[in-house]
Amino acid sequence: MIIFFICLTILILGYKFYSPFVEKQAGMDSTVDTPQKRFSEGVDYVPIHPVRAFLIQFLNIAGVGPIFGPILGALYGPVALVWIVLGNVLGGAVHDFYSGVMSIKEDGKSLPEIAGKYYNVIFKGFMLVFTAMLLFFVGVVFIMSPAGLLSNLDLFKDTFLANNTFWVLVILGYYFLATLLPIDKIITKFYPIFGLLMIVMTVAVAASLLMNAPHLPVAGDFLAYFEADHAHDFLEPNPDGLPTWPLLFITITCGAISGFHSTQAPIIARCLTNEKYVRPVYYGAMMCEGIVGCVWALAGIAAFPEGYAGLKAMLDLGGPGLVVNHIANSYLGVFGGIMAIIAVAVFPITSGDTAFRSLRLTVVDAFNIPQSLRNRLLLAVPILTIAYFMTKLDFSVIWRYFAFSNMLLSTSVLWLATKYLFDRGTFHWIASIPAVIATSVTLSYIMTAAIGFNLSADLGKPIGLAVAVIGLIILAIVHSKHAPNRKKIA
């Protein structure tokens, strides 16, 4: 039980003490007009109350990511919790915060456009390609997964509702409306409610686990894992032979760090009415996602009498969706069953629609397209038509490309934040060190992954670690050259 409270305490302390320091480097100004006030047009630049903005941002970045990822990450043992907590405070929340900062400072623009300003047109093109790719894959994944769940519910058995194509078309129809309509017609009305449901579900599962879970790890179990003779486990495979480095970092992205979050930043950056809300909305939403991730990682570790074998067997049988259903029904009864359906069906839909909306905004920014109804239709129809045909492909293939694009984009955004801080002459290490680590993870993954160079782990690990060391050396050299010209932050 104490392990959960340690994780919770670190996340809360991270927001309380580290986030103000991170904010201090960003140059936020509560007296300037935000993009919403300067460009209000009733479609994307619409004023939103900060509490509502927080709930929408939380739901946009959460979905099922901080549920499914940590459940899969639980296969690696207690080290999953270390990555969620430290990765969130030092990496993911910084990434999300500066995604919001740079967007609100640059008229609510998408990150590829900002990359063109701070780096060059090549980096802009690179980020544009991978942002569009990630958003498209997220949208497709979050058509396929809820459609598959809904079509297989016992409630719909032997009816036309058991047809997967039917649900694909229903979800696509909703995505079309959410992509096309002004943000205050659907998203701002219903998403705060779903955000609250996510919070209620997380609290209910956490409370039930703390009271009833038969195998919740205690402090002694946790510390024993990291004794000297197990210290090397961080770089060793899990019992299934999967290497912790770099697969754990790719598996648990949402909850620790996720490039997808940066694609959602402009949606809310165009709606905030004051820059002082950036930290609670962006950094705060990521802290909450970290709590969700910790709850579900602990659930994966603690809720199976057989331990690792029980979790692995259920994942093999029905994936993380079945694990969510098992945990919710076992510990929360009928209420849990309802929450499970919401978690694995409704929540991914709320990420899929904003993914396609963000894709529209990214294309609009890249090619400076006026946002008339006709132009929105011309963008939405072909994007969603292609997405429909993509749902016919193997889900596992789509997921692999999504995972790589996600990590690569988060790495790019951290380097963009580093350049932003360098230009301001402030403490860039809060972004540059996570950027170096993310670069190392991404390179290690693509070197060893089947969709990459498919090298052995014995080659992939040293390459990734060498890049981290070289990156830190280069950063130290560049930092020393710029140090005499650094500004003093009041």
Side-chain angles (χ1 to χ4, degrees), residues 35 44 53 56-66 69 91-116 123-143 175 178-179 183 187 191 253-272 278 281-282 285-286 289 347-367 379-380 383-384 387 398 401-417 438 442:
D44 297 310
I56 294 170
Q57 173 67 11
F58 173 56
L59 193 64
N60 282 355
I61 67 173
V64 292
V94 173
H95 167 281
D96 286 21
F97 173 72
Y98 277 100
S99 296
V101 167
M102 291 184 288
S103 185
I104 203 168
K105 289 289 189 182
E106 296 295 332
D107 301 335
K109 290 180 180 177
S110 302
L111 272 297
E113 296 305 301
I114 300 170
F123 194 66
K124 171 185 174 180
F126 173 84
M127 282 198 68
L128 178 61
V129 169
F130 278 96
T131 297
M133 182 187 301
L134 175 60
L135 286 169
F136 189 76
F137 286 143
V138 168
V140 172
V141 164
F142 290 154
I143 295 170
Y175 284 179
T179 302
I183 192 170
I187 293 175
Y191 278 33
T253 50
C254 294
I257 183 170
S258 171
F260 172 65
H261 297 183
S262 69
T263 68
Q264 304 302 289
I267 293 178
I268 298 301
R270 299 179 189 217
C271 300
L272 290 179
V278 172
V281 167
Y282 289 96
M286 188 57 189
E289 181 169 297
F347 290 156
I349 292 173
T350 61
S351 291
D353 61 0
T354 52
F356 284 120
R357 187 181 187 90
S358 296
L359 181 55
R360 173 177 66 81
L361 295 177
T362 300
V363 174
V364 163
D365 288 346
F367 298 100
L379 287 172
I383 287 172
L384 294 172
I398 298 293
Y401 282 99
F402 157 71
F404 171 66
S405 300
N406 197 29
M407 196 66 193
L408 183 62
L409 185 59
S410 67
T411 302
S412 302
V413 172
L414 285 170
W415 282 118
L416 183 57
T442 304

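Below, all heavy atoms of this structure are taken into account, side chains as well, without hydrogens, waters or symmetry copies. FYI, the numbering just counts along the sequence from 1. Note that the coordinates shown come from a computational prediction; the quantities given were computed from them, not determined experimentally.
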Original post:
Within a strict 4.5 Å, meaning less than it, do heavy atoms of the S412 and F126 side chains meet?
Top reply: yes
**OP:** Would you indicate whether the side-chain heavy atoms of K124 and E113 approach each other to under 4.5 Å?
**Re:** yes
**OP:** Kindly compute the distance separating CG (L379) from CZ (R360), expressed to the nearest 0.5 Å.
**Re:** 7.5 Å
Original post:
Just how far is it from atom OG of S262 to atom CG of L409, taken to the nearest 0.5 Å?
Top reply: 4.0 Å
Subject >> T263 and S358: side chain donor to acceptor below 3.5 Å >> reply: no
**OP:** Name all residues meeting the salt bridge (charged side-chain N to carboxylate O under 4.0 Å, His left out) criterion together with D365; count only those two or more places apart in sequence or in a different chain, and write none if there are none.
**Re:** R270
Original post:
What pairs with S258 under side chain to side chain donor-acceptor pair (under 3.5 Å), at least two apart in sequence or on another chain?
Top reply: N406
**OP:** Say whether, by atom type as modelled, one donor and one acceptor occur between the side chain of R357 and the main chain of A178 under 3.5 angstrom.
**Re:** yes
**OP:** Can you spot which of V138, L134, L135 makes a side chain to side chain contact (heavy atoms under 4.5 Å, CB included) with S405?
**Re:** L134
Original post:
Tell me, do I56 and Q264 make a side-chain contact under 4.5 Å, heavy atoms counted?
Top reply: no
Subject >> Side chains of I257 and L414 in contact at under 4.5 Å (non-hydrogen atoms) >> reply: yes
Subject >> Backbone of G100 reached by a side-chain donor or acceptor of S103 within 3.5 Å >> reply: no
Original post:
With under 30° as parallel and over 60° as perpendicular, where do the rings of Y175 and F356 fit, or are they tilted in between?
Top reply: tilted
**OP:** Would you indicate whether the side-chain heavy atoms of D44 and L361 approach each other to under 4.5 Å?
**Re:** yes
**OP:** Return the set of residues passing side-chain contact (heavy atoms from CB on, under 4.5 Å) with A115 (not counting sequence neighbours), or none when no residue passes.
**Re:** F123, M127, L416
Original post:
Out of curiosity, T362 OG1 to F136 CZ, how far, rounded to the nearest 0.5 Å?
Top reply: 13.5 Å
Original post:
Below 6.0 angstrom between ring centroids: does that apply to F97 and Y282?
Top reply: no
Subject >> Reported CG-to-OG1 distance for the pair L59 and T350, which is rounded to 0.5 angstrom >> reply: 3.5 Å
Original post:
With a 4.5 Å limit on heavy-atom distance, are the side chains of S110 and T131 in contact?
Top reply: no
Original post:
Is there a donor-acceptor pair closer than 3.5 Å between any side-chain N or O of S351 and the backbone N or O of P348?
Top reply: no
**OP:** Side-chain contact test, heavy atoms from C-beta onward, threshold under 4.5 Å: evaluate it for F130 versus F404 and give yes or no.
**Re:** yes
Subject >> Any donor-acceptor pair under 3.5 Å from H261 side chain to I61 backbone >> reply: yes
Original post:
Atom CG in L359, atom CE in M133: separation rounded to 0.5 Å?
Top reply: 12.0 Å
Original post:
Any idea which heavy atoms bring I114 and K109 closest together, and the distance?
Top reply: CD1-O, 3.8 Å
Original post:
So, for V281 and A53, which heavy atoms are closest and what is the spacing to 0.1 Å?
Top reply: CG1-O, 4.1 Å
Original post:
Is a donor on one side and an acceptor on the other found under 3.5 Å between the side chain of E289 and the backbone of G255?
Top reply: yes
Subject >> Closest heavy-atom pair and its distance - G108, A269 >> reply: CA-CB, 4.4 Å
